[in-house]
Engineer: 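Before we start, here is the structure in question, set down as structure tokens.
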Amino acid sequence: MLPLARTWFLVCLPCFLSCSGQSNAPAKTPPQPSWTGTWALVPGLAVSPDKRIVLPRTCERSPEYWTIDQSKSQITLELHESVVASGVKMAVERRKIERAEGQLRGSFVHLDGETGTEVVRHDEPNKNRPATFPVTYELEYDPKTEHLAGTRNGAPVRFIRAELAPVDYTRCKPVP
């Protein structure tokens with residue numbers, strides 16, 4: 001009987017020692033990165049190797065970019081259209097608008113909102129007329145590329161974190 005006890009001891013002791021330091025608590029998952037920030041939209045299926053891009057700005061032009069705000073699990077996406085300085089402000093102008101909201105579930109979000117144009121009357125602000133249509137996004141954070149990949153109204157899109165390049169205003173032409 002003694003040899004059987006020694007065999008059991010030799011077989012079970014290594015298992016006991018290797019398992020004794022482990023707990024039954026679930027493994028902690030790493031926290032999801034914040035979606036808050038400035039993003040550039042890349043339509044289609046192309047995957048940029050860059051994790052971040054710099055959007056060029058000049059004295060006369062600002063590029064189109066998107067902002068995403070995250071408050072706990074609430075996500076808000078909003079377009080900031082490209083702006084070209086034209087000198088005198090027009091009494092009536094058109095603006096591209098797009099805004100969508102949704103709830104983050106893990107690394108995935110479904111966003112519903114509106115897209116379109118808005119006719120802005122600076123001389124009569126109460127007469128602004130938006131012409132909007134529904135827009136839907138299905139986006140998921142890709143940890144490998146650090147992009148947001150998915151669809152906009154069923155068409156493939158990808159968002160890449162972006163920074164707006166600083167403008168050297170000392171090189172700008174003075175307004176006459």
Engineer: Looking at Glu163 and Arg57, does any basic side-chain N land under 4.0 Å from a carboxylate oxygen?
Structural biologist: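 Judged by the 4.0 Å cut-off on N to carboxylate O distance, Glu163 and Arg57 do not form a salt bridge.
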Engineer: Between Asp50 (side chain) and Arg52 (backbone), is there a donor-acceptor pair under 3.5 Å?
Structural biologist: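 No; zero donor-acceptor contacts below 3.5 Å.
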Engineer: Should Tyr141 and Leu41 be regarded as members of a common hydrophobic cluster, given that ILVMFWY residues are connected when their side-chain heavy atoms come within less than 4.5 Å of each other, either directly or indirectly?
Structural biologist: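 Yes: a chain of side-chain contacts under 4.5 Å links Tyr141 to Leu41.
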Engineer: Using the rule given for side chain to side chain contact (heavy atoms under 4.5 Å, CB included), can you reason through Val157 versus Leu139, listing the C-alpha separation, both sets of side-chain angles and the distance that settles it, and then say yes or no?
Structural biologist: CA-CA 9 Å; Val157 293; Leu139 298 173; 4.2 Å; yes
Engineer: Are His110 and Thr136 linked by a side-chain donor-acceptor pair shorter than 3.5 Å?
Structural biologist: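 On atom types as modelled, these side chains do not qualify, holding no pair under 3.5 Å.
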Engineer: How many angstroms lie between CG in Asp168 and SG in Cys59, if you round to the nearest 0.5 Å?
Structural biologist: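 Answer for the CG-SG pair, Asp168 versus Cys59, is 7.5 Å.
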Engineer: Looking only at non-hydrogen atoms, find the nearest pair between Leu55 and Glu64 and report the distance.
Structural biologist: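 Closest approach of Leu55 to Glu64, heavy atoms only: CD1-O, 3.8 Å.
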Engineer: Side-chain contact, heavy-atom cut-off 4.5 Å: Leu77 with Arg99?
Structural biologist: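 No; the side chains remain at least 4.5 Å from each other.
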Engineer: If you define the side chain from C-beta out and look only at heavy atoms, does anything of Glu98 sit under 4.5 Å from Arg152?
Structural biologist: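 Sidechains of Arg152 and Glu98: in contact.
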Engineer: Any idea which heavy atoms bring Ser62 and Ser82 closest together, and the distance?
Structural biologist: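 Scanning both residues completely, I find the closest heavy atoms to be O-OG, 2.9 Å.
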Engineer: With distance as the sole test, does Glu81 use its side chain to make a donor-acceptor pair with the main-chain N or O of Lys96 at under 3.5 Å?
Structural biologist: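 Looks like yes, one N/O pair under 3.5 Å.
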Engineer: Heavy atoms only: give me the nearest Pro56-Ala165 pair and the separation to one decimal.
Structural biologist: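 So the minimum-distance heavy-atom pair works out to CA-CB, 4.1 Å.
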Engineer: Can you list the steps and then say if Trp39 with Tyr65 is a ring-ring contact (aromatic ring centres under 6.0 Å, His included)?
Structural biologist: CA-CA 6 Å; Trp39 298 81; Tyr65 63 95; over 10 Å; no
Engineer: How long is the gap from OG on Ser48 to NE2 on His147, to the nearest 0.5 Å?
Structural biologist: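 Separation between the atoms: 5.0 Å.
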Engineer: Quick one: are Ile75 and Glu101 in side-chain contact, heavy atoms under 4.5 Å?
Structural biologist: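 Heavy-atom side-chain distance check fails, nothing below 4.5 Å.
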Engineer: Is there side-chain contact between Ile97 and Thr132, with heavy atoms separated by less than 4.5 Å?
Structural biologist: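 The answer is yes; the side chains approach within 4.5 Å.
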Engineer: Quick one: does Thr58's side chain have a donor or acceptor within less than 3.5 Å of a partner on Arg61's backbone?
Structural biologist: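 Flag set: sc Thr58 to bb Arg61 pair under 3.5 Å.
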Engineer: At their closest point, which heavy atom of Gly102 faces which heavy atom of Leu111, and how far apart are they?
Structural biologist: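 Nearest pair, atom of Gly102 first, then Leu111: N-CD2, 3.2 Å.
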Engineer: Roughly how far apart are Glu118 CD and Arg95 CZ, rounded to 0.5 Å?
Structural biologist: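 Between atom CD of Glu118 and atom CZ of Arg95 there are 6.5 Å.
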Engineer: Are side-chain heavy atoms of Arg105 and Ser73 found at a separation under 4.5 Å?
Structural biologist: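 A side-chain contact is absent here, since even the closest heavy-atom pair is not under 4.5 Å.
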Engineer: With heavy-atom distances below 4.5 Å as the criterion, would you say the side chains of Thr151 and Tyr137 are in contact?
Structural biologist: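 Not in contact.
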Engineer: Quick check for you: to the nearest 0.5 Å, what is the distance between Asn153 atom CG and Glu138 atom CD?
Structural biologist: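 One gets 10.5 Å once the value is rounded to the nearest 0.5 Å.
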Engineer: Would you say that Trp66 contacts Thr38 through its side chain, given a criterion of any heavy-atom pair below 4.5 Å between the two side chains?
Structural biologist: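 Side chain of Trp66 against side chain of Thr38, heavy atoms only: no contact under 4.5 Å found.
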Engineer: Could you grab the distance from atom CD1 of Ile160 to atom OG1 of Thr145, nearest 0.5 Å is fine?
Structural biologist: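 Interatomic distance, Ile160 CD1 to Thr145 OG1, rounded to 0.5 Å: 8.0 Å.
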Engineer: Could you report the tightest heavy-atom contact between Ala162 and Ala40, atom names first, then the distance?
Structural biologist: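 Minimum heavy-atom separation between Ala162 and Ala40: CB-N, 3.9 Å.
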Engineer: Looking just at side-chain N and O atoms, do Gln70 and Thr36 make a donor-acceptor pair shorter than 3.5 Å?
Structural biologist: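 No.
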Engineer: How far apart are the closest heavy atoms of Thr115 and Pro134, and which atoms are they?
Structural biologist: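 Answer, listing the atom of Thr115 first, then Pro134: CG2-O, 4.3 Å.
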Engineer: For residues Val135 and Asp112, determine if any side-chain heavy atom of one lies less than 4.5 Å from a side-chain heavy atom of the other.
Structural biologist: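 No, their side chains stay 4.5 Å or more apart.
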Engineer: Before you tell me yes or no, could you show the steps for Arg161 and Lys51 under side chain to side chain contact (heavy atoms under 4.5 Å, CB included), namely the whole-Å CA-CA distance, both residues' side-chain angles and the distance that decides it to 0.1 Å?
Structural biologist: CA-CA 7 Å; Arg161 285 203 187 264; Lys51 293 187 179 194; over 6 Å; no
